[in-house]
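Read through the structure below, which is laid out as structure tokens, and then see the notes.
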Amino acid sequence: MRVNVVELKNDIYHYQNIIKEYEEIYIRMYHELSSATTYWHDPHAYAYFKEIDIERQKVKTTLYELTTLQEIYIYMIDSYSKLGKIIEWNLNDRSKIIKSLEEYIGKLRQIIKQYNNLNITNLEELKDSMLQEKEKLTTTLNLVNDYLQQIQKSYNRLIQIETDVKFRLSKLKVGVIVKKLFGTYNR
Amino acid sequence: MENYIDIDNLNIVKNKIDLYCREEEEKLNELIGTFSSISNHLNTTYSMDLDKIQEDFISKMKLLKRMHTNDLLVLKDNIEKYQMTMIKVAKNFDDVR
């Protein structure tokens, strides 16, 4: 799986602008069509303008749906950008990676334990260097531990984002428009 | 109510609707491009669901665009027919005279 957050951010920015401009076009278009009622009166005009009102409602619903999709996109950007700019992951490797790191941590602990069990009181020459090596291993152990926790947190976050987005998408229904029959408005 | 048409003003409306229809077409094409780009930059487990939703939006908006184009055609058609009627009436009037 891969998400290019930077590019996605640009796309969402374009999407927001398009929807905003789309809405403006519709507002002007229906305002203009409404003004035409002043200039055209006959039974055909009545049927025509009645249909225009129904159409206006359909566009309003569509715009609402498009805004709901926009909110989902914004959620995705907000969530993914906390993880990085370009994110690549494979959830199938999750257990394997975590297991490897846990084994590595286990081995480091084992070595440190062996250091602790050594009797170095009589090894004056080696004592300092051995303590230094043990200190280095403890630092490495802490780093790997932090790394493991970060990886687990990132995996959990990625799973959470996917679950949330899936849920949000399942709630978004794009209403179907029935194709209207034309021909009743012409003289 | 008396039948009435103000051809000059209705022509102005028609021209504006024509312009909005073209702008609408432009926005629709931009939207199609943006949806496609989003799909390219997003490969996740929900990508297929998202692609389907985006396709549904495109279909829906294409249909709305066709409706608006038809609204424009109706205006054009009615203006032309009223103009024809006026020409016929004027001709008959001249013939009678």
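Below, chains carry the letters A, B, ... as their sequence lines are ordered, and counting in each starts from 1.
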_Does any backbone or side-chain atom of B:Ile7 lie under 4.5 Å from a heavy atom of chain A? Answer side chain, backbone, both or neither._
neither
*Report the option among A:Leu169, A:Val6, A:Ile72 that has the most heavy-atom pairs separated by less than 4.5 Å from atoms of chain B.*
A:Leu169
*asked:* Is it the case that the ring center of A:Tyr26 lies less than 6.0 angstrom away from the ring center of B:Tyr20?
replied: no
*Drop me the distance from A:Met29's CE to B:Leu72's CG, to the nearest 0.5 angstrom.*
8.5 Å
*asked:* Rounded to the nearest 0.5 Å, what separates atom CH2 in A:Trp40 from atom CD1 in B:Ile79?
replied: 8.5 Å
*side chain to side chain contact (heavy atoms under 4.5 Å, CB included) assessment of B:Asp49 paired with A:Ser170*: CA-CA 8 Å; B:Asp49 295 338; A:Ser170 71; over 6 Å; no
*Against chain A, label B:Gln54 side chain, backbone, both or neither, depending on which of its atoms sit under 4.5 Å from a heavy atom there.*
side chain
*Distance-only polar pair, side chains of A:His44 and B:Asn78, donor-acceptor under 3.5 Å*: no
*How long is the gap from CG on B:Asn43 to CG on A:Asn4, to the nearest 0.5 Å?*
12.0 Å
*Are side-chain heavy atoms of A:Tyr15 and B:Leu31 found at a separation under 4.5 Å?*
yes
_In the structure I gave you, are the side-chain heavy atoms of A:Asp42 and B:Ile5 within less than 4.5 Å of one another anywhere?_
no
*asked:* Among B:Lys52, B:His68, B:Glu26, which residue has the highest count of heavy-atom pairs closer than 4.5 Å to chain A?
replied: B:His68
*Taking the inter-plane angle between the rings of B:Phe35 and A:Tyr73 on a 0 to 90° scale, is it parallel (under 30°), tilted (30 to 60°) or perpendicular (over 60°)?*
tilted
*Hey, are the side chains of B:Thr44 and A:Leu158 touching, using non-hydrogen atoms and a 4.5 Å cut-off?*
no
*chain B heavy atoms under 4.5 Å from A:Leu91: which part of the residue, side chain, backbone, both or neither?*
neither
*Name the member of A:His14, A:Glu65, A:Glu88 that forms the most heavy-atom pairs with chain B at distances under 4.5 Å.*
A:Glu65
*Pairs of heavy atoms under 4.5 Å with chain B: top-ranked of A:Thr38, A:Leu66, A:Ile12*: A:Leu66
*Donor-acceptor pair, B:Lys60 side chain versus A:Gly175 backbone, under 3.5 Å?*
yes
_Residue selection (most heavy-atom pairs with chain A, distance under 4.5 Å) from B:Asn9, B:Ile12, B:Thr34_ = B:Asn9
*State the NZ-OH distance between B:Lys14 and A:Tyr39, to the nearest 0.5 angstrom.*
15.0 Å
*With rounding to the nearest 0.5 Å, note down the distance linking CD1 in B:Ile38 to CG in A:Asn10.*
11.0 Å
*Heavy-atom distance under 4.5 Å to chain A: side chain of B:Leu63, backbone, both or neither?*
side chain
*Gap between atom CG of B:Asp56 and atom NZ of A:Lys173 - 0.5 Å precision*: 10.5 Å
*asked:* Tell me whether A:Met130 shares a hydrophobic cluster with A:Leu108, the cluster being built from Ile, Leu, Val, Met, Phe, Trp, Tyr side chains joined at under 4.5 Å.
replied: yes
*Could you check which of A:Ile19, A:Leu33, A:Val5, A:Ile86 has the highest count of heavy-atom pairs closer than 4.5 Å to chain B?*
A:Leu33
*Could you check if a side-chain atom of A:Asn17 sits within less than 4.5 angstrom of a side-chain atom of B:Glu30, using non-hydrogen atoms only?*
no
*Contact winner vs chain B - A:Ile161, A:Val165, A:Val176, A:Val59, heavy-atom pairs under 4.5 Å*: A:Val165
*Contact winner vs chain B - A:Leu172, A:Val174, A:Ile87, heavy-atom pairs under 4.5 Å*: A:Val174
